[in-house]
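Okay, structure first, notes after.
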Amino acid sequence: MRIESELRIGDTEREAAVASLGEHFAAGRLSRAEYDERTDLAFHARTGSQLSALFRDLPPEPPTPPPPPPAGPRGWAVRAASLPMLPLVFLAIGIAALSHGVFWPLIVAACLFCLAGRRRIRHSHGRGPVSRGRW
């Protein structure tokens with residue numbers, strides 16, 4: 001926690017400094033007596049430079065990682081990828097029905113083609129669909 005300023009600080013900054021001191025204490029960088037002394041000074045600090053002086057001999061904290069992006073609806077993306085194949089399936093069913101079942105292999109081929117299209121879609125940890133395979 002580095003605040004280099006002679007501007008006055010508020011309770012939010014003091015509480016953040018005490019929380020940061022608690023992390024340093026938990027990591028073993030401060031003894032109990034040092035932690036108690038520095039937290040007392042943090043609660044009585046009036047300026048940013050007074051708070052900053054409490055951290056001069058401590059290493060800077062690593063930046064907190066950003067939260068993971070929210071996961072999207074996985075199932076819907078797979079179904080949406082198959083929608084362009086839907087007219088082909090209906091056409092195959094229609095031809096098979098009109099031809100009294102002579103073209104039933106066409107239905108099987110259309111269904112396999114749709115399933116192959118669904119397998120190409122996978123999700124990459126919430127970043128949306130990613131194509132894989134030969135296409």
Side-chain angles (χ1 to χ4, degrees):
M1 169 147 210
R2 308 272 184 221
I3 302 175
E4 298 290 337
S5 173
E6 291 303 317
L7 295 176
R8 293 182 69 91
I9 58 169
D11 290 337
T12 304
E13 290 86 1
R14 289 182 195 96
E15 290 170 4
V18 169
S20 183
L21 287 170
E23 292 174 14
H24 286 291
F25 174 67
R29 295 184 193 104
L30 295 173
S31 68
R32 181 65 178 181
E34 289 174 317
Y35 171 73
D36 290 340
E37 178 185 352
R38 290 183 193 211
T39 54
D40 187 48
L41 290 171
F43 280 124
H44 291 95
R46 291 189 178 160
T47 64
S49 60
Q50 288 174 334
L51 276 185
S52 183
L54 302 175
F55 295 92
R56 291 199 198 276
D57 61 341
L58 295 172
E61 295 178 33
T64 55
R74 301 183 110 190
W76 178 251
V78 172
R79 288 187 208 106
S82 299
L83 287 179
M85 301 300 158
L86 206 55
L88 182 62
V89 171
F90 286 132
L91 179 67
I93 291 171
I95 291 173
L98 291 174
S99 66
H100 303 291
V102 175
F103 293 105
W104 65 267
L106 188 59
I107 294 175
V108 173
C111 291
L112 290 175
F113 191 69
C114 286
L115 288 175
R118 287 180 68 177
R119 286 191 188 122
R120 286 186 293 147
I121 301 298
R122 71 174 173 86
H123 288 273
S124 177
H125 304 291
R127 292 186 292 253
V130 177
S131 177
R132 73 175 168 185
R134 294 182 294 228
W135 300 300

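Numbers for residues simply follow the sequence, beginning at 1. Treat the numbers as computed from the prediction; the structure is a model and nothing was measured.
Residues Glu6 and Ser49 approach most closely at OE2-OG, 2.6 Å, considering heavy atoms. The two residues Leu21 and Thr39 make their nearest non-hydrogen contact at CD1-N, 3.9 Å.
A 4.5 Å side-chain heavy-atom check between Arg38 and Leu58 finds at least one atom pair inside the cut-off. The shortest side-chain heavy-atom distance between Ile9 and Arg14 falls under the 4.5 Å cut-off.
We find the NE2-CG distance between His24 and Asp57 to be 9.5 Å, quoted to the nearest 0.5 Å. Atom OG1 of Thr47 and atom CD of Glu13 lie 11.5 Å apart (nearest 0.5 Å). Expressed to the nearest 0.5 Å, how far CG of Asp40 lies from OH of Tyr35 amounts to 11.5 Å.
Annotation for Arg46: atom CZ does not count as buried by contact number, only 12 or fewer foreign heavy atoms lying within 6.0 Å.
By the side-chain contact (heavy atoms from CB on, under 4.5 Å) test, Glu34 is found to be paired with Leu30, Ser31, residues two or more places apart in sequence or in another chain being considered.
Side-chain N or O atoms of Glu15 include none that pairs as donor or acceptor with a backbone N or O of Thr12 at under 3.5 Å.
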